[in-house]
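Naming: A, B, ... by sequence-line order, numbering from 1 per chain. The analysis underlying the following values was restricted to heavy atoms, covering all of them including side chains, and did not include hydrogens, waters or symmetry mates.
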Protein chains: 2
Amino acid sequence: MAEVRLAKARRGRPRQAEVARLAGVSQTTVSLVLSGNKQGIALHPDTRARVLQAARQLGYAPDPAAQRLAAARNDLLGVFSFTATFPTDVAHSYYPILVGVEQEAVARGYDLVLFTGSSSAPAQAGRTDALDRVRLADGCLFLGRHVPADELRRLVEQGYPAVHIGRRDELDTLAWVGADYAEATAEVVRRLADLGHRGMALVCETDEALASTDRERGFRGALAGAGLSGGVVRAADPAAEITGAWVRAQLAAGVTAFVAEETDTCAAWRALLTAVEEAGLTAPAEVSLALLGSPPADLAHHPEPTGFDIPKAELGAAAVRTLAALLTAGEADYSPLVPCAFRPGHTAGRAPAT
Amino acid sequence: MAEVRLAKARRGRPRQAEVARLAGVSQTTVSLVLSGNKQGIALHPDTRARVLQAARQLGYAPDPAAQRLAAARNDLLGVFSFTATFPTDVAHSYYPILVGVEQEAVARGYDLVLFTGSSSAPAQAGRTDALDRVRLADGCLFLGRHVPADELRRLVEQGYPAVHIGRRDELDTLAWVGADYAEATAEVVRRLADLGHRGMALVCETDEALASTDRERGFRGALAGAGLSGGVVRAADPAAEITGAWVRAQLAAGVTAFVAEETDTCAAWRALLTAVEEAGLTAPAEVSLALLGSPPADLAHHPEPTGFDIPKAELGAAAVRTLAALLTAGEADYSPLVPCAFRPGHTAGRAPAT
DNA sequence: TCCCCTGACTAATGCGCATTAGCCCCCGAC
DNA sequence: GTCGGGGGCTAATGCGCATTAGTCAGGGGA
């Protein structure tokens, strides 16, 4: 067996020992020369040259497995998304995050390991528990709101470096990065107020995710802060509740601006658009509309929604930075909230004169 | 230093030795139990259970680098793309391919490592250079046409299991899987011929990628096979060359069907749509249009293009199957061409009666 | 009773590299 | 001349795991 392995591994792959033999030095010296001699050990230029020459001649390339083993870290970052890894539908919402993750990871010299939550590998004997699989990486990013809290807690408590993308407060020991929905929403409200709107309504789907409640909190806070009136509507089926009649009733009650939040389906925003049209109103002129997030691809054009953009790529990058900090310093001193960028858009305008 | 490294490495990363201590057995036994005991060494069910229990309790996961070094395998598959795997410019992306790769890999019990051949990676001396990094994995998928051929050749010649996604013929030793563009294009031509079209034009960007020349080959072949007339236009800037006037001229020359190929930008297809409109013609009625590939997201709706879909997920899955074969058998007896599915669409109709 | 299996484990080793202790020799200072 | 002190290298060790040789009881046959 040993010979087989050797033959396979050897095929055209010189090791430092062979370079050393050719150069007439020790393996240590080869390592020293090739790895840039960070120890500050003095080396003769001649020796250096001989080693480099020998390495070139043999076509030496270090074995990454050995390097990583010796370094006691593998420079692998896990990316765990608990929904069927990169499902086509959710793809649109996670994809930009992955872009940021990849860029930052590459910049820092990490490779990425992809993990799927749902389609866990055939639970073979000896295979460890689903979440434990991420341990093959030095640290891991968790994505999505369905990450099982108890397993994640155990991982974190055992000191495994993990960063959750999206605010997460049940676990106070868990590092996370998230968009600052509250502040971004508050800014939208302030902008609308600046345009003269005194009453606003926020339309949401029934959802208790922090991404949603944060927006609601920001909305209410800004409303109160500016002495505005308005309310929040949570509808299980926005299309059913948000109708033309509803819009008219709101208008009658002094609400001139309507705000919806981005979700996977953007049901609330779609309902709002339909309802306004149904009410025979036009968007920037008679009522103002704002979307707390980015519109889905099929609604992206023409009337660009006023609102804010979630800096998804930046979120991914921030997550990697946090994880990297965890990995090198053991503790991250970070600001988890990433600001969103206000997007002027074309669906909000001055409040109509009463 | 040793303590520092140890402390760092230890952090939340149990080793077999620790599992062994907890289970009251030797590290060897743990290895035997966890790796399925391929040596046929007898083990007490009790011992086995104790070890598994201890491993679960500690959340043990094997270190891929160590596995790779010791056994020359770690059940990791690499995915290497020279450009970012998750490109910033949305549409074209490798994403759908990755979905297929992911599914097939998980089904076969492999984990995926994403290697991004970065332009920006710190190319320090001694640090494994771009392509050699993939050696951490048992085998690797390569995608994109910018994979450096010479480095890839070296890898393959040294016996490293690699599969390229997308036809690749400069390296006859390199395994690859690709969409059967030629046949798919030929089918489109045949369908158009069935609709009565006797003259057709293929519009391409200037591109010498196989994906493009294969289509051209299929086009010309089918044209000849059916005794049709027509030609191929390659334009550096399709928008400039493909005009309403050009379309009219073609029509006058007997060309009633226009075909474009999918590219990153889909410039040819866009140009075609514009030109036809400019010529005052409507698509299914007066001229027929076909797209060799899938439309970009922003053009996906309403007039669904006649043409074919590239089975990207299937391509990814096929690549994994091929790689798996390489890994287990050392040689893959495979059919590299994956068929594309014809898409009826709504832009092609009967040829207008002359 | 002795011996030799055989079953159930474990000690020892090595993968290729980085790191840590030295080791040896030459040179300058006393 | 002797001794201290670098400079320039090398021997030894360990990273975490798989593998190869054992080792050590217990049991059955003679």
Side-chain angles (χ1 to χ4, degrees), chain A residues 1-10 13-21 23-48 50-51 55 58 60-75 126 135-136 138, chain B residues 1-10 13-21 23-48 50-51 55 58 60-75 126-128 132 135-136:
Chain A
M1 188 59 198
E3 319 81 72
V4 176
R5 267 215 339 254
L6 204 58
K8 196 192 281 184
R10 272 293 182 81
R13 299 225 71 222
R15 306 168 288 171
Q16 285 188 347
E18 285 155 42
V19 175
R21 202 174 310 139
V25 298
S26 72
Q27 177 263 322
T28 303
T29 302
V30 174
S31 175
L32 249 24
V33 169
L34 295 182
S35 63
N37 184 16
K38 299 170 176 77
Q39 326 308 312
I41 294 182
L43 288 170
H44 247 332
D46 290 0
T47 310
R48 212 183 126 67
R50 279 214 316 288
V51 169
L58 259 36
Y60 172 80
D63 179 337
Q67 280 187 306
R68 296 180 194 219
L69 181 57
R73 65 206 168 83
N74 52 36
D75 288 337
R135 286 181 190 268
L136 76 79
D138 282 342
Chain B
M1 187 59 197
E3 319 82 72
V4 176
R5 269 224 328 263
L6 203 59
K8 197 192 280 187
R10 277 288 185 82
R13 176 166 281 162
R15 307 170 288 170
Q16 286 189 347
E18 286 156 40
V19 174
R21 202 173 311 140
V25 298
S26 71
Q27 177 263 322
T28 303
T29 302
V30 173
S31 174
L32 249 26
V33 169
L34 294 182
S35 62
N37 183 17
K38 298 166 177 87
Q39 326 309 310
I41 294 182
L43 287 170
H44 246 332
D46 290 0
T47 310
R48 214 183 124 66
R50 279 214 317 285
V51 169
L58 258 38
Y60 171 80
D63 179 330
Q67 281 186 306
R68 182 83 196 136
L69 189 57
R73 61 168 300 196
N74 56 14
D75 289 335
R127 175 83 187 153
T128 21
D132 266 323
R135 286 185 187 282
L136 177 63

Output the rounded distance in Å from [atom1] ([X]) to [atom2] ([N]).
X: R73(B); N: dG16(D); atom1: CZ; atom2: P; answer: 21 Å
X: D132(B); N: dG16(C); atom1: CG; atom2: P; answer: 15 Å
X: Q16(B); N: dC15(D); atom1: CD; atom2: P; answer: 14 Å
X: N74(A); N: dA18(C); atom1: CG; atom2: C1'; answer: 16 Å
X: D63(B); N: dC17(C); atom1: CG; atom2: C1'; answer: 14 Å
X: R21(B); N: dT10(C); atom1: CZ; atom2: C1'; answer: 16 Å
X: D75(B); N: dA18(D); atom1: CG; atom2: P; answer: 10 Å
X: R68(B); N: dA18(D); atom1: CZ; atom2: P; answer: 13 Å

With DNA chain C as reference, determine whether P45(B) or V30(A) sits nearer its 5' end, using the nearest nucleotide of each.
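That would be P45(B).
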Do V30(A) and Y60(A) make a side-chain contact, defined as non-hydrogen atoms from C-beta onward lying under 4.5 Å apart?
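Sidechains of Y60(A) and V30(A): no contact.
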Pairwise side-chain contact, D63(A) with R15(A), heavy-atom cut-off 4.5 Å (strictly under):
no
Hey, is the side chain of T28(A) pairing donor to acceptor with the base of dA12(D) inside 3.5 Å?
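When only heavy-atom distances are counted, T28(A) does reach the base of dA12(D) through a donor-acceptor pair under 3.5 Å.
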Considering every strand and a 4.0 Å limit on heavy-atom distances, what is the contact class for L43(A): base, sugar-phosphate, or nothing?
sugar-phosphate
Are E18(B) and R21(B) within salt-bridge range, i.e. N to O under 4.0 Å?
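Here E18(B) does not pair with R21(B) in a salt bridge, since their nearest N and O are not under 4.0 Å apart.
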Between [options], which nucleotide gets closest to the side-chain atoms of [X]?
X: T29(A); options: dT10(D), dA18(C), dT19(D); result: dT10(D)
X: H44(A); options: dC17(D), dG8(D), dA18(D); result: dG8(D)
X: L32(B); options: dC17(C), dT10(C), dC17(D); result: dT10(C)
X: Q27(A); options: dT10(C), dC17(C), dC15(D); result: dC17(C)
X: S26(B); options: dC17(D), dC17(C), dT10(C); result: dT10(C)

Think T47(B) has a side-chain N or O under 4.0 angstrom from the OP1 or OP2 of dC9(C)?
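Yes, such a contact exists.
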Audit row: T29(B), S26(B), side-chain hydrogen bond (donor to acceptor under 3.5 Å, both in side chains) steps and yes/no
CA-CA 5 Å; T29(B) 302; S26(B) 71; 3.1 Å; yes
Check V51(B), V25(B), V33(B) against L43(B) for a side chain to side chain contact (heavy atoms under 4.5 Å, CB included) and give me the one that passes.
V33(B)
